[in-house]
> 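Have a look at the structure that comes next, please.
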2 protein chains.
Amino acid sequence: MKGERVVCPVDVTLNLINKKWCIQIIRDMFFGKKHFNEFKEDKPNLSNKVLSNCLKELEEKGLIEKLVLNTTPVTTEYCLTEYGKSMNRIVYELAMFTLYDENDNTYSDETRNELKNMFREVLEIDY
Amino acid sequence: MKGERVVCPVDVTLNLINKKWCIQIIRDMFFGKKHFNEFKEDKPNLSNKVLSNCLKELEEKGLIEKLVLNTTPVTTEYCLTEYGKSMNRIVYELAMFTLYDENDNTYSDETRNELKNMFREVLEIDY
DNA sequence: CGGGATCCGGATGGATACTG
DNA sequence: CAGTATCCATCCGGATCCCG
């Protein structure tokens with residue numbers, strides 16, 4: 001950053017979520033997904049191995065928690081820690097970047113507004 | 001996202017910056033860096049090839065502009081487009097995630113406050 | 001000096017099959 | 001359902017050489 005060689009806080013944050021699918025998985029958790037196979041929905045390119053590694057890393061970094069509820073059959077739930085939940089603003093701004101882009105024609109005006117409200121609610125954004 | 005199969009705006013945004021060094025390069029541009037070799041400072045693992053590809057992709061996606069100022073010797077400047085500048089809030093929240101983390105002991109309280117102010121100023125954040 | 005081209009080993013990602 | 005094992009493809013990082 002500057003002459004003093006202070007580590008940039010952006011780099012510190014990015015080190016937590018540097019794996020390809022981390023943010024999408026965290027986003028999914030905000031939207032209520034909890035199970036291994038749920039995270040794979042809508043992500044045809046996400047393989048078991050990569051998802052497994054990603055969840056493991058997010059757990060090691062303290063962003064998510066793994067709860068094993070049952071043994072036969074195995075039932076596992078993943079959920080965000082408080083630390084993980086504090087990523088809400090990052091996810092929010094990632095969404096708003098596209099939702100406030102005038103030149104983006106992905107959505108109708110109606111869908112765009114619905115999405116804005118949905119993200120504000122789910123991510124508990126109050127500003 | 002939901003039953004209607006609307007593309008998630010987070011995914012749309014992430015498609016723009018999915019390459020490993022994209023965000024750091026955009027961050028650097030906010031802090032005034034313009035030249036190829038400037039982006040490599042503080043990034044010992046970033047090779048010419050990867051940086052070159054990354055800049056090319058950011059240009060294709062409309063986030064940055066490449067200006068060739070001179071031919072002999074070549075002088076090239078990279079700068080953010082308005083579209084790229086609208087990433088300011090994303091970069092801001094990435095920084096604040098670490099700067100507001102009570103358990104993070106990377107910085108002294110003084111440095112932490114200096115960094116908060118610096119990012120707010122450089123990124124022109126008014127909230 | 002500001003890059004681009006190439007080669008190469010290692011890390012990461014993806015597809016499929018299989019197990020408790 | 002929640003992974004593991006395996007194999008293959010792709011990307012990354014480092015070195016080096018090149019060109020204007």
Side-chain angles (χ1 to χ4, degrees), chain A residues 8 10-11 13-29 31-61 63-81 84, chain B residues 8 10-11 13-29 31-61 63-80:
Chain A
C8 176
V10 172
D11 291 342
T13 304
L14 288 178
N15 278 336
L16 297 172
I17 51 176
N18 225 345
K19 291 275 157 55
K20 181 168 181 181
W21 298 95
C22 284
I23 298 181
Q24 283 104 316
I25 291 169
I26 291 171
R27 184 267 325 273
D28 285 349
M29 289 189 180
F31 279 85
K33 292 192 179 180
K34 296 176 173 186
H35 302 288
F36 195 89
N37 284 310
E38 283 182 314
F39 301 125
K40 296 183 64 183
E41 298 166 5
D42 303 325
K43 303 186 196 67
N45 291 337
L46 175 55
S47 71
N48 287 351
K49 185 184 66 174
V50 174
L51 174 55
S52 181
N53 289 340
C54 195
L55 290 169
K56 219 168 287 178
E57 199 183 308
L58 289 173
E59 193 189 357
E60 285 169 8
K61 302 216 167 134
L63 292 163
I64 71 172
E65 258 179 338
K66 177 179 178 173
L67 303 168
V68 179
L69 302 181
N70 238 341
T71 49
T72 48
V74 181
T75 307
T76 310
E77 281 188 10
Y78 294 93
C79 61
L80 292 166
T81 60
Chain B
C8 176
V10 172
D11 293 341
T13 304
L14 288 179
N15 278 336
L16 298 171
I17 51 177
N18 225 344
K19 288 275 157 56
K20 182 168 180 180
W21 298 95
C22 284
I23 298 181
Q24 283 103 316
I25 291 170
I26 291 171
R27 184 267 326 272
D28 285 349
M29 287 188 181
F31 279 84
K33 292 191 178 181
K34 297 176 172 186
H35 303 288
F36 194 88
N37 284 312
E38 284 181 314
F39 301 125
K40 295 184 64 183
E41 297 166 7
D42 303 323
K43 302 186 197 67
N45 292 337
L46 176 55
S47 68
N48 284 355
K49 186 184 61 175
V50 174
L51 174 56
S52 182
N53 289 339
C54 195
L55 290 169
K56 215 170 290 175
E57 200 183 307
L58 288 173
E59 194 189 356
E60 286 168 8
K61 301 213 166 137
L63 292 163
I64 70 172
E65 259 178 339
K66 179 179 179 175
L67 303 169
V68 180
L69 303 180
N70 240 339
T71 49
T72 46
V74 181
T75 307
T76 310
E77 281 188 9
Y78 297 91
C79 60
L80 293 166

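Labels below follow one simple rule: chain letters A, B, ... track the order of the sequence lines, proteins then strands, and each chain is numbered from 1. All values below were derived from every heavy atom in this structure, side-chain atoms included, with hydrogens, water molecules and symmetry-related copies excluded.
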> Are the charged groups of Lys33(B) and Glu41(B) less than 4.0 angstrom apart, N to O?
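Salt bridge flag = yes for Glu41(B) with Lys33(B).
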
> Rounded off to whole Å, could you give me the CD-to-C1' distance for the Glu41(A) and dA2(D) pair?
14 Å

> Please check the phosphate of dG3(C) (OP1 and OP2 only) for any side-chain N or O of Thr76(B) closer than 4.0 Å.
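Answer is yes, contact under 4.0 Å.
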
> Roughly how many Å is it from CZ in Phe36(B) to C1' in dG4(C), rounded to a whole number?
8 Å

> Establish whether the base of dG13(D) is bridged to the side chain of Lys49(B) by a donor-acceptor pair shorter than 3.5 Å.
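Flag set: donor-acceptor pair detected.
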
> Under 4.0 Å: is that the gap between some side-chain N or O of Lys34(B) and OP1 or OP2 of dG2(C)?
no

> State whether the distance check finds a donor on one side and an acceptor on the other, under 3.5 Å, for side chain Asn48(A) versus base dT4(D).
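Side chain to base: pair found, below 3.5 Å.
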
> Would you indicate whether the side-chain heavy atoms of Ile25(A) and Leu58(A) approach each other to under 4.5 Å?
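Yes, side chains in contact.
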
> Which residue, Lys34(B), Lys43(B), Lys40(B), forms the side-chain hydrogen bond (donor to acceptor under 3.5 Å, both in side chains) with Asp28(B)?
Lys43(B)

> Closer than 4.0 Å, any side-chain N/O of Trp21(B) to the OP1 or OP2 of dG13(D)?
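Indeed, a polar side-chain atom of Trp21(B) lies that close.
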
> Using OP1 and OP2 only, check whether a side-chain N or O of Tyr78(A) sits under 4.0 Å from dC1(D).
no

> Between His35(B) and dC1(C), does any side-chain N or O lie under 4.0 Å from OP1 or OP2?
no

> With a cut-off of less than 4.0 Å, is there a side-chain N or O of Ser47(A) near OP1 or OP2 of dA15(C)?
no

> Is there a side-chain contact between Asn45(B) and the phosphate of dG14(D), meaning an N or O under 4.0 Å from OP1 or OP2?
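Result: yes.
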
